[in-house]
Amino acid sequence: MAISSKTTWDLAPAPESSDHVDIKKTYGLFINGKFVPSVSGKTFTSINPANEQALSSVAEAGSEDVDKAVKAARNAYNKHWRKMPAAERAKYIFRIARVIQERAREFAVIESMDGGKPIRESRDVDVPLAANHFFYYAGWADKLSYAFPNRNPSPLGVAGQIIPWNFPLLMAAWKIAPALATGNTVVLKPAETTPLTALKLAEVIQEAGLPEGVVNIITGAGATGAALVNHPDINKIAFTGSTDVGKLIQRAVSGSDKKITLELGGKAANIIFEDAAIDQAVEGIINGIYFNQGHVCCAGSRLFVQESVYDEVLEKVKYRIESLIVGDPLDKNTDIGAINSKEQLQRVKHYLELGTKEGALLHQSSCKLPKKGYWCKPSLFENVSPSHAIAREEIFGPVLAVQTFRTVQEVITKANNTPYGLSAGVWTDKGAKIFNLSSRMRAGVVWANTFNQFDPVSPFGGYKESGYGREGGLHGLSSYLNLK
Amino acid sequence: MLKTYKLYIGGAFVRTESGRYLKLKNAKGDVIANVCHASRKDLRNAVTAAGKALPGWSGKSAFNRSQILYRMAEMLEQRGPLLVDEMVLMGLTKTAARREVNLCIDRTVYFAGWCDKYSQIFSSVNPVASPHFNFTVPEPMGVIAVVAGKDTPLLGLLSNLLPVLAGGNTAVVLAPEAYPLSSVFLSEIVNDSDVPGGVVNLLTGLHQELLPHLAGHMGIHGLIVDDCSQETAASLREQCAENLKRLFLRDSDWTDPESQHPYLILDTQELKTTWHPIEVISGMGSGY
């Protein structure tokens, strides 16, 4: 097979207009149904990682603000939300879903500006999935007794929720929708580099007419999150983010009765057998690691290729890497957008250097990167051994570590040889092999002949140090319910 | 001039092929509308249309069906005042009509929510003793005839129709004899809510005349009859034996919130179990 590594892609720019979006110069904290400044008056700036330009100045919540938000949530829980008939509660959540659908384009553009992800992904994945998540859980509100027969499901109270910067609106939906449907009220903290779509969501929540204080959205960095976790009147902490912070949270709440769910890091194995449809598998490898610049906790960052097809697979993967368009997130042709922040770019670069130093062989696209902003070429390492840091640690960037295997048993052992257990991918033509592998993988989600699929009805979450609890589907309800 | 309320077959509003009409009168005895008196031929056309629409509707994603039923609820809410007027025209008080319409909206939202959930409740993965992945899922039964009861203008009809639609079936509906106007109003809402043509087909006419044809039709897989006499029930059971048509005789008070539940969806589902081998390597069984 002869395929040229030179591509002839030459697409004219097709930028999505940002004229119609309304980003305010400043945003307050969304507490008790209103946007208010922080008590300290402190703010921080959210920038566009693709050009380093400031987008908005956002209030930074201190512990007094956290306290106000928790009080608002408690008050709303006692006065309105826990008493409201479930079918009425559902109507508010359905309305949130509808408004997100109606304002989908605006959400998509802001998501790409604030976070750096390609508009195609924010438009086709993040925003519709967020709306659908609200739709799905809205319907559960008055049906909980069918999900947990012979129990009397009741809400926990006030949920503190902390979300990451990789899927800002979608993670807000994953957190807020099930919490509300099950009758809890919410204090949510978005990540400090991507607060804008959560604040737009606050506007949607105002528009949908939710009782004041049912959802509160407070912005800030780690200190704000810590204040929320440590607040004594919180009943539940739901966290998505790094494993390190997840462990800190578990320690912080260990002296209390707070319930926690943690959706943490991952180092997913993506396994290609020789009997797989190779072209599809190659697309799955590319999607698995380069989707959202690799800022995906379930990214297929450890590729295992059966030796007999190694050369073919690698040649095709390299060819495909060369064809990826890296650049303006708002351009509809863009495959890979900007790295979310300067800090994250440094982290990715650290691993690129470390991988080379440890003896792995780096291959990168020859694409040109824009001068301003934070960028990383799609990268892969060959000659990787299981002991290398790039094969063990979560990089959270567009960096793939490739290893080989000969037998099924061998790859099962290698794939499970990680403290993480969020997801795995299996590519083979044999159904019987899929079910064997899926039962052997110590991971919460297994994708067979596909990768990075998400749906509101499908539970998501990890084994081992990838956290516990599930989000999505029927099982996602139990994290927010008392089933005594 | 009196309005003539049409049949709704295959996504089109049509007059009965028979040319027969029923005159609907109010309590004072004044004629208030002409209503199509559907014939056996109209019924057959409706079943054909429902059969044609089945692959498309049952093949839609559950999420999509959910969105469409939710859209129906939104339309019911938007056009609620007009629907209230139709009910008042048929003799309800304004208060009773408003209450009925609100219950109809809530019921539609309720079943819209079930579309992508009932299979999570009713499916199972079965831990068979051999190395097989074995799972059971509900699938739509097919074309379902729904015969509305006589107590409510619309709520009973909807309460029986919505579980059929949520479950991916298509329907031939026989409107309540006393309340044809709100039923025809419903078919207009169905038509404007992205429900594909043929998924719901609505006939107005005389139940005693059409029931035997519904029960005997080979293209109908299930028959739901709300509120019928013991005598009718016995003869329906006998007629349905012809193609082992599933028969569901119901008599709930549909204004009672307890009357809505997902087992109404399960009634018009078939259960399918699939076996798939699991590779066994060095004698290790699988976890399924």
Side-chain angles (χ1 to χ4, degrees), chain A residues 85-88 90-91 93-95 97-98 101 128-129 131-149 181 273 275 407-412 426 428 430-442 446 448 455-459 472-477, chain B residues 61-71 73-74 77 102-103 105-125 127-128 130-135 166 257-258 260-266 274-288:
Chain A
E88 295 305 307
K91 288 179 188 169
I93 310 170
F94 274 121
R95 220 170 293 155
R98 251 311 180 247
Q101 284 183 326
L129 274 179
N132 298 359
H133 216 80
F134 278 105
F135 260 114
Y136 176 73
Y137 277 110
W140 269 124
D142 59 354
K143 303 175 176 69
L144 297 175
S145 60
Y146 293 100
F148 306 100
F273 285 100
D275 59 17
T407 69
V408 174
Q409 282 301 17
E410 177 193 356
V411 78
I412 290 170
V426 182
T428 165
K430 303 277 187 295
K433 198 183 277 175
I434 286 173
F435 286 110
N436 182 31
L437 262 287
S438 140
S439 106
R440 301 265 169 257
M441 288 295 108
R442 300 284 296 158
V446 179
D455 195 290
V457 308
S458 178
L474 184 155
H475 301 87
L477 293 165
Chain B
S61 72
F63 172 73
N64 201 197
R65 282 203 300 272
S66 164
Q67 292 271 287
I68 290 171
L69 293 196
Y70 185 73
R71 181 78 194 129
E74 285 181 332
E77 191 169 24
N102 283 336
L103 284 170
I105 296 166
D106 286 357
R107 189 119 325 154
T108 310
V109 172
Y110 177 80
F111 281 107
W114 269 123
C115 294
D116 52 7
K117 298 180 183 66
Y118 69 86
S119 81
Q120 295 186 306
I121 304 277
F122 298 130
S123 298
S124 62
V125 171
V128 292
S130 56
H132 289 93
F133 186 76
N134 176 301
F135 61 99
E258 295 293 311
Q260 58 175 19
H261 53 76
Y263 296 95
L264 295 171
I265 303 175
L266 191 59
T274 305
W275 295 69
H276 191 292
I278 303 178
E279 186 179 62
V280 177
I281 292 172
S282 40
M284 295 248 297
S286 88
Y288 295 118

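Order of the sequence lines sets the chain letters (A, B, ...), proteins ahead of strands, with each chain counted from 1.
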Exercise. What pairs of residues pass the side chain to side chain donor-acceptor pair (under 3.5 Å) test when at least one of them lies in residues 137-147 of chain A, not counting sequence neighbours?
Worked result: Tyr136(A)-Trp140(A)

Problem set entry | For chain A, the option from Lys117(B), Gln120(B), Gln67(B) that forms the most heavy-atom pairs under 4.5 Å | Lys117(B)

For this session: Name the member of Gly139(A), Ala87(A), Ser439(A) that forms the most heavy-atom pairs with chain B at distances under 4.5 Å.
Result: Ser439(A)

Exercise. What orientation do Phe135(A) and Phe63(B) show, parallel under 30°, tilted 30 to 60°, or perpendicular over 60°?
Worked result: perpendicular

For this session: Find the one option among Ser66(B), Pro262(B), Ala112(B) whose heavy-atom pairs under 4.5 Å with chain A are most numerous.
Result: Pro262(B)

Exercise. Where does Asp455(A) contact chain B at under 4.5 Å (heavy atoms): side chain, backbone, both or neither?
Worked result: neither

Problem set entry | Interface residue of largest heavy-atom contact number with chain A, from Asp106(B), Ile121(B), Val109(B), Ile278(B), under 4.5 Å | Ile278(B)

Exercise. Using non-hydrogen atoms only, which part of His132(B) is less than 4.5 Å away from chain A: side chain, backbone, both, or neither?
Worked result: neither

For this session: Could you tell me whether Lys433(A) sits above the aromatic face of Phe273(A), with NZ or CZ closer than 6.0 angstrom to the six-membered ring centre and within 45 degrees of the axis?
Result: yes

Problem set entry | chain A contact via Tyr118(B) - side chain, backbone, both or neither, heavy atoms under 4.5 Å | neither

For this session: Name the region of Ser438(A), side chain, backbone, both or neither, that has any atom closer than 4.5 Å to a heavy atom of chain B.
Result: both

Problem set entry | Residues forming a salt bridge (charged side-chain N to carboxylate O under 4.0 Å, His left out) with Arg95(A), sequence neighbours excluded | none

Problem set entry | Over 12 foreign heavy atoms within 6.0 Å of CZ, Arg442(A) | no

Exercise. Which word best sums up how the rings of Trp114(B) and Tyr110(B) line up, parallel for under 30°, tilted for 30 to 60°, or perpendicular for over 60°?
Worked result: perpendicular

